[in-house]
Structure formats: structure tokens, C-alpha cells
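A short write-up of the structure that comes next.
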2 protein chains.
Amino acid sequence: MKIDELNWTILRLLQQNARFTNAEIGRKIGLSSPAVAERIKKLEDVGVISGYKAEVNHIQTGYQLKAFVTLKAFMGKLKPFLDKVKEYKEVLNCYRITGNENLVMEVVLYDQFHLEEFIDRLITYGEVRTSIVLSNVIENNPIGKNR
Amino acid sequence: MKIDELNWTILRLLQQNARFTNAEIGRKIGLSSPAVAERIKKLEDVGVISGYKAEVNHIQTGYQLKAFVTLKAFMGKLKPFLDKVKEYKEVLNCYRITGNENLVMEVVLYDQFHLEEFIDRLITYGEVRTSIVLSNVIENNPIGKNR
DNA sequence: TTTGAAATCAACTATGT
DNA sequence: ACATAGTTGATTTCAAA
């Protein structure tokens, strides 16, 4: 799909705040609210916009720690783990990756005891590397037209 | 803030689809729409819900590659990079982390040439490790009450 | 429950092929 | 002449008081 300048602006705005009304967006880009609605609907239909999500502050919900955990699966252990990981509520995202490790997971945890217990669940499947998040340098930078 | 069962359900629903109306949510959990509105407003005020974001499919927008890139900064190069990275449109998220590396970045790229050019920008600041994302095992699993 | 605002739908208009 | 993208105004639905 062709994404023109106006659509890029709409995408940027909705990535910043999905609750902008069509009228507000229209005011910013110089279109009527039905025209904006039409453009957004098309972006949704084509799959450029795949959904609208509330962003939850994990610390406010009691998850004090966030971490990136990689797994280098033992021989024959990757498939079983791919099934198992779906049951882990702590895992926000899990990706297959190239390189020395097979998977990287973004996880939230209550505290260091929770982290320890979580790692214990993984070590039967492979080598585990854990990087605890200290701070956010950039968070949810909207995708835009670049270069 | 105390988050009861109903609020956890509301959070789960809004993380799946931020466009549920108060009435729809109310129907699912057996509350009136104003009651739901009041609960959501409190979750927002307290900061449990920090925003509502449109989710954009990066492949549909022309970014064929997604990767995790870590940086182990050279002596004295971390601070300069923390300033510089804010200018990089490819970087969706960037976190300070514990461990051998200082930073992990989630980036989107047009193609392997773009990736090469991006890495070239980083190598003056430190050691770079790149893991290209092959597939999503778990994507945007909502935070919930667990264990 | 009521009020105001916003989304939706219909009909019409302008522009470009 | 037809297709595409936009406006305007009426109706319905939603959210805020």
C-alpha cells in the first residue's frame, strides 16, 4: 500500500495517542473528520495498523523488574520450549533470532526471587543469559517515514 | 494502588483492544458503563495505564527487517551515544541493561543494506552485536495478575 | 439520566483518468 | 464516463457530568 505524507502523519499521531479523535487529527492535517475516518479504515483494512493497545506501566502493577532473557536451547529442546513459553505469563514478547542464541524474551518480574524462579524454569531447556533493564533511553518511538 | 480482579480484567481487555467501549467492557464483567468509566479513569490517573497506542505493522510500512542490537560502549563513548541514539528513527526502544553490554535496542530496517549502514553508525561508539528477528513466538502478551 | 461530542452514514462535489 | 477523495449535514452512539 502506498502511504502518503498525510497517512504518515496520521500514523505518527495514532502511535503517540490512539485516542485522538478524527476531528482532532483532521484539524492538524487539514481534513474533515469523515476523510480522516476513511483513511484510518483503509490503514486498518490493509493491516498497516494492526490494533490499538493500552500501555500498562508494569511497575505500577507490582512488577518491579524488567529483563531481557536469551535462550540457547539444548539439542532437541527448542521445540518443547516454544510450546512451554506460551504458558509463561511473565513473557511479554518472545522472538526467534539469528546468532548464538535462539530466542530473546522480554519479561516482567515481581522481584529478584521471582527472577530466580523464572530462570530455574528455563535452565532445563538451554543456556540462559539475563540482562536486567536499568532504565529506558527510548520507549515506543513511533515508526515513521525516515531517511 | 490496589488492583482487584475486575480491574485486572479491564486491563487485560484494554491491552488486547483499546477500542472496547465502556459498555462492551461492562457487559463482559457485569458492570454499568459509568462504573467502568470511573475505574478506567482511576487507572489512568494513578498511572497504571500510561497511554493508548496504535500498533503499526512495520513490514507493511516497508521495514522488512527487525533486529535486536546491543552496544558495549567504548571508554567515554556511552554518554555521547545516549544523545545520538535519540536521532535514530530506526530505534523503536532502547534500554540500559546490566551485563556485558550497556544497551539493547529494538530496531526496524528497510533491508540488509540499511542494516549495514545502521551498524556502521554504531561501531564508532562500541562493540555491536546484532540479532535479526526471524519470527514472533509471543507478541504483546498482556500483563496480567499471575502466579 | 441527561447533555454534549464524536462516529457513522448518506448524498453531493470536485478532480483526474 | 467513470473512479477516487473530499465536504456537508442528518442520525445514532458514546462518554462525561
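Lettering of chains follows the sequences in order, A, B, ..., and the numbering in each one begins at 1. The structure presented is a predicted model; accordingly, all values stated were derived computationally and were not measured.
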Checklist entry - How does each nucleotide of nucleotides 1-9 of chain C score, in 5' to 3' order, for protein heavy atoms under 4.0 Å: base (B), sugar-phosphate only (S), or none (-)? => result -----SSBB
Checklist entry - Under 6.0 Å between ring centres, would you say that holds for A/Tyr63 and A/Tyr110? => result yes
Checklist entry - When the distance from CD1 of B/Ile25 to C1' of D/dT13 is rounded to whole Å, what number comes out? => result 16 Å
Checklist entry - Can the positive tip of B/Lys28 be found less than 6.0 Å from the middle of the six-membered ring of B/Phe20, inside 45° of the ring normal? => result yes
Next on the checklist: Assess whether a salt bridge exists between A/Arg39 and A/Asp4, defined as any Lys/Arg side-chain N lying under 4.0 Å from an Asp/Glu carboxylate O.
Outcome noted: yes
Checklist entry - Which pair of non-hydrogen atoms, one from A/Ser33 and one from A/Asn22, has the smallest distance, and what is that distance? => result O-CB, 3.8 Å
Item to check | Within-4.5 Å side-chain heavy-atom neighbours: B/Asn93 and A/Asn141 | outcome: no
Item to check | Salt bridge present between B/Arg129 and A/Glu101 (N-O < 4.0 angstrom) | outcome: yes
Item to check | Option from B/Val36, B/Leu31, B/Leu11 for which side chain to side chain contact (heavy atoms under 4.5 Å, CB included) with B/Leu6 holds | outcome: B/Leu31
Item to check | Under-4.0 Å salt bridge between B/Lys42 and B/Glu38 | outcome: no
Checklist outcome for this item: Tightest non-hydrogen contact, residues B/Lys53 and A/Gln16, listed as CE-O, 3.3 Å
Are any protein N/O atoms closer than 3.5 Å to N/O atoms in nucleotides 3-5 of chain D? If there are, list each pair with its distance.
none

Checklist entry - Are A/Trp8 and A/Met1 connected in a single hydrophobic cluster, I mean Ile/Leu/Val/Met/Phe/Trp/Tyr linked by side-chain heavy atoms less than 4.5 Å apart? => result yes
Could you list the protein-to-nucleotides 11-17 of chain C atom pairs, N/O on both sides, closer than 3.5 Å?
none

